[in-house]
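Input: a single structure, listed below in structure tokens.
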Number of protein chains: 4
Amino acid sequence: MIRVAIVGATGYAGVEALRLLHQHPAARVSYLGSHSQAGTEIGKLYPHLGRAGAAVLEPVDPERIAARADVALLSLPARQGLDLAPRLLALGMRVIDFGADFRLKDLEAYDRYYGGPHTAPELAAAAVYGLTEFHRQEIAGASLVANPGCYPTAAILALWPALRAGLVDPGDLVVDAKSGASGAGRQATPSGQLAEQEANLWPYKVAGEHRHTPEMEQELGLAAGEAARVTFIPHQVPMSRGLLATCYARLRAPLDEAAVEAVYLEAYGSEPCVQLLAGRLPSTRATLGSNLAQVAVRVDGRTGRLLAMAAIDNLGKGAAGQAVQNMNVMFGLQEILGLPLLGLVP
Amino acid sequence: MIRVAIVGATGYAGVEALRLLHQHPAARVSYLGSHSQAGTEIGKLYPHLGRAGAAVLEPVDPERIAARADVALLSLPARQGLDLAPRLLALGMRVIDFGADFRLKDLEAYDRYYGGPHTAPELAAAAVYGLTEFHRQEIAGASLVANPGCYPTAAILALWPALRAGLVDPGDLVVDAKSGASGAGRQATPSGQLAEQEANLWPYKVAGEHRHTPEMEQELGLAAGEAARVTFIPHQVPMSRGLLATCYARLRAPLDEAAVEAVYLEAYGSEPCVQLLAGRLPSTRATLGSNLAQVAVRVDGRTGRLLAMAAIDNLGKGAAGQAVQNMNVMFGLQEILGLPLLGLVP
Amino acid sequence: MIRVAIVGATGYAGVEALRLLHQHPAARVSYLGSHSQAGTEIGKLYPHLGRAGAAVLEPVDPERIAARADVALLSLPARQGLDLAPRLLALGMRVIDFGADFRLKDLEAYDRYYGGPHTAPELAAAAVYGLTEFHRQEIAGASLVANPGCYPTAAILALWPALRAGLVDPGDLVVDAKSGASGAGRQATPSGQLAEQEANLWPYKVAGEHRHTPEMEQELGLAAGEAARVTFIPHQVPMSRGLLATCYARLRAPLDEAAVEAVYLEAYGSEPCVQLLAGRLPSTRATLGSNLAQVAVRVDGRTGRLLAMAAIDNLGKGAAGQAVQNMNVMFGLQEILGLPLLGLVP
Amino acid sequence: MIRVAIVGATGYAGVEALRLLHQHPAARVSYLGSHSQAGTEIGKLYPHLGRAGAAVLEPVDPERIAARADVALLSLPARQGLDLAPRLLALGMRVIDFGADFRLKDLEAYDRYYGGPHTAPELAAAAVYGLTEFHRQEIAGASLVANPGCYPTAAILALWPALRAGLVDPGDLVVDAKSGASGAGRQATPSGQLAEQEANLWPYKVAGEHRHTPEMEQELGLAAGEAARVTFIPHQVPMSRGLLATCYARLRAPLDEAAVEAVYLEAYGSEPCVQLLAGRLPSTRATLGSNLAQVAVRVDGRTGRLLAMAAIDNLGKGAAGQAVQNMNVMFGLQEILGLPLLGLVP
């Protein structure tokens, strides 16, 4: 039985990890760490935890964590992992960081997007980017996995096969992504209240401002073998969870849809967490509460574009679910052990 | 491994049973029966099923079902169980009926509310009402379990301890219940479209018209040891799932809240699927996707009323979840095996 | 052209008054007062105001308000009207208070529910309770109108005719009411975020704790000519606006529905803002954005109860719409001038 | 007082026209025509209409319509206007067609997208495309106005100034648009039920399949003075109303944002129904129930793209609101007479 510490357990990704691990047959949560709420029963913050809510949040003390857990899931604000991850690793733990502190190999980009210098550059270099489907083998041996952001997970799943096969121009990519409100975290704002958010849809952080931009470009560039350039606009949608990335790429040469589908089938045909749709399109609800990603691809011959779409649960495959998937890989378990793969419908 | 047939698998309760059993460690779905859609892949109707959607719906053929399954979950329109259940039982199967055909012991009430004579009265007498918490022992030995309706599940969980302890008058009960839209089933109507149902809340089938009225009265009367009389108004609420019953009962004598809470703690303190709340009130979201029921009780000394509230997921503890709970009991498994008990929050 | 000051313009009821008056042919908003945001363009807080958002919030200065407006709509936290209303009245203004400071004639109840002694008792006595349909004549001549609470508006509209006609026992009333999230105001909390409030429904302030309890009892007692006693439970529903009161009363004698309907038709047949429904039941969506109330009544002969239901928009007939209706009456205008009476559907 | 006939009054756009005209000071609805529901009170279909629901739907009889109305708003399925519009025009009426039958000047495109030959080509040539801001003068004198589709309205408002000013390449346009569910009309389907549509977001009719594609290209081409080519993907979002178009265009030369904003300010600075946002981005809720469009523009210098966004209410500026705006122009009234310009928030 793997003993798991969740550090930053009161955030949405942390509490989703708790929910998922509650049903995991080979892991159990042995430590709930919180900087701000140590001493509180987590059920006071989250009444949906039922009897599991009786667990008491504890301080973020590396020694205690390492004594009681084999792996730490860090669900912390940006930059907080820079200090904590090295200490946990030094104590012999394995670490899966939900944050962005170890995702970028280009540390200048990190500094620019995350407000200052990276203080653990050797770890950034050693960390494995945890998009399981594309880094499975490195994840298996990794001490530190940088769990991907929600938007990058969907965009990369949508575009990776086309870039890897050289079908599209990596310099001309548009990612129009839409996320449920939980992606914004638990901070309460008037515009996030249901009273104002019902029937409300809006774009935000346009023109490359969003921190997930360099992350997409890094991984899509790796797939293409040359630099990728993404115009990215995220949107907030009036729903609790769910994320759809609609991606527009320029075909390098005219291609029929069957040829493109064959490339995607090759990439995803045996992936347990990716459902490649033929004859239908992804929908977020189909992934609700699960670790499933739905992917579809189309060719718009008239305008010479490839259209690739992926739907995920932003807290599932987009955060905590993928972390559990990575944990399974790191510990040699069946990759989907304990992971729901059916969405909550209706 | 228990082999389970779901008959009527394309309805909301049926497909939720499929979702739950997909993760059950000691049961597997071996037959998906459908009157109207035999031959169709269920994933064509429900894209959230991922790879499980490849299963093909089969005809409702008792012989084939009995040959391939140990227990049948019937999720059928009213009156269709009258014919099918006896045939499956005669073939040696055990049956859990999600419908109302075997819930009522008063067959005159059945005839009045369900449009004609009951054609299997001896089975109605033998069937066990499957509100697990109150009929656990009979369920263990039952061949035919009548799985409760969603509204009765919540109302009975809210009121049962008070009636059993004689605290309130069974002749003066008000149940004001609110349900998510999935309770109305999959029939498409303009008023059920999100375009018209967003921000919409309405009562329906007031004044005892709703079929769940006699079911509540039967079980609450059993608890009280005398006839119960319920004024019941259901409401539809703009949400997919979730059900809250707010119940108003007349106290037989002034009582302080601590005394009432002690009665409820006695009833529910060891129940794995019932969370008795102290110092807070139930919320539907806390039960989303799970088999959890949240119950709270208060005394309004000023008006001499006991106020009892229960929240469930109408497709979880209110339908498919409770069916799995009953199945576990019937087959001697741990009662909560494979059942989620944490809600999907956020 | 009536010049209107809105004081507390940044709250939900205040900004809804602004929206409604923007289209009023005989009134215009001449002053927007705010304690906390003076100096700010209101459009910075509320982008939906379009060009009207260019108006700048001003301090709450009674002299300036009185110099620039004929009537003040006060949309303030409890107890803040106690001081401001007398000052505005002394300056010759007419005042419509959206708050509760002048609704209750029983000042002991005020003190108990609103945290301390009432400091303007003579004004509390002189103020007219602004449920237009029942106090129309006094409103016409009033200087100070206490605009009703949202829950009382719906509950009183539902029950008043039955109590006035002596059909039901005023000592045995249950009001189960459900409100959209805007009723809780603009304070941001995690549970109010769409991420947590989607698919969430919960009761709150049960057992007579809610401040609207004495207000309902006052007006229902007036209707009955004897003390009324209400068991009241409010609920929050996952929608932005809309309020439904489902009321249960004990019939004094068996009555058929036609007789009850005749009583309600007598009360509401000529009311422009009340739609008495025959053969259907109220729904909140039908009133969205409007000043309409939908009312229906039924008899549950089996349990001897009268069931009365009313749906309103909590910010329309439940707050700002009713204030405009009262303003129209106070200034001798056509009662529904400028008021939308059709809901926003779909 | 302009007498208005609404033909196809039971659809969502038709009933929204009825709602808007109910408050119009210089127009009144004098005829409600319906092919399928003649003889029915419209309030039986739409309970939100209050007393206006007493109006009875009448047959679609051109002679009767022309005798009783000055202008006809046609809200009909595709191809039904081909026959009706000529007959109403021949009887001396003016016609505003909500449908697509007279929007396209390229009748080959019409035939391809709308299933067969256009049977009134001279009317297609004579009709004026009713995007008021760009065809105001022709609308004033038109007998037949082709009211724009909802997606084209938003996309054209977003991109027109940039194309007119030659800032971007008309051959490289991406329109990623998101619409509330009412855009799909009143046909009831399981996936449109709130039970399945809550938390659901999906793309549909990708790769140029959507009928609004040629309409966008026609008007954007007119703005550019050369052929426009649009890659268009519409999405359905879990909300009743609201539409956002997020548009990506290739800048012909590097430009700073101030220069682009100046171009947009020139285009929209005096438009009463277009709010050009500076320093913030559009949101659909801000336009709910109104005829307002919110537009914003940004430059992504890193990728050389112009990003233009427009939010509207798909039934307001996207359908019935724009029709009333056009009617006002056609009849020489103030353009915004009777039109709400503030959204319903919260």
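Keep in mind that the numbers below use all heavy atoms, side chains included, and drop hydrogens, waters and symmetry copies.
Other residues, nucleotides and ligands place more than 12 heavy atoms under 6.0 Å from the CD atom of C:Glu209. More than 12 heavy atoms of other residues, nucleotides or ligands shown are found within 6.0 angstrom of CD on B:Glu226.
Annotation: the span from C:Glu198 atom CD to B:Arg285 atom CZ amounts to 5.5 Å, rounded to 0.5 Å. Note that OG1 of C:Thr231 and CG of B:Leu306 are 11.0 Å apart. Values are rounded to the nearest 0.5 Å.
Residue contact with chain B, scored on non-hydrogen atoms closer than 4.5 Å, involves the side chain of C:Leu281 exclusively. Both the backbone and the side chain of C:Ile233 come within contact range of chain B, each with at least one heavy atom under 4.5 Å from a heavy atom of that chain. Both the backbone and the side chain of B:Ala195 come within contact range of chain C, judged by heavy atoms closer than 4.5 Å. In this structure, chain B has heavy atoms under 4.5 Å from both the backbone and the side chain of C:Ala199.
Within residues 215-225 of chain C, the residues having any heavy atom less than 4.5 Å from a heavy atom of chain B are, in residue-number order, C:Glu217. Close approach to chain B, defined as a heavy atom under 4.5 Å from one of its heavy atoms, is seen in C:Asp172, C:Leu173, C:Val174, C:Val175, C:Asp176, C:Lys178 of residues 172-185 of chain C, taken by number. Taking 4.5 Å as the heavy-atom cut-off, none of the residues of residues 251-265 of chain C approach chain B. Using a 4.5 Å cut-off between non-hydrogen atoms, the part of residues 236-248 of chain B that approaches chain C consists of B:Val237, B:Pro238, B:Met239, B:Arg241, B:Leu244, B:Thr246, B:Tyr248.
Taking B:Ala286, B:Gly301, B:Pro203 one by one and counting their heavy-atom pairs under 4.5 Å with chain C, the maximum is reached by B:Pro203. Contact count against chain C (heavy-atom pairs under 4.5 Å) is highest for B:Arg305 among B:Glu196, B:Met309, B:Arg305. Put simply, of C:Val299, C:Asp300, C:Val206, the one with the most heavy-atom pairs under 4.5 Å next to chain B is C:Asp300. Contact count against chain B (heavy-atom pairs under 4.5 Å) is highest for C:His235 among C:His235, C:Arg298, C:Gln197. Contact count versus chain B (heavy atoms, under 4.5 Å) is highest, among C:Val230, C:Leu194, C:Leu288, C:Thr287, for C:Val230. Each of B:Arg302, B:Gln193, B:Arg280, B:Arg250 has some count of heavy-atom pairs under 4.5 Å with chain C, and the biggest count is that of B:Arg302. Contact count versus chain C (heavy atoms, under 4.5 Å) is highest, among B:Gly208, B:Pro346, B:Ser283, for B:Ser283.
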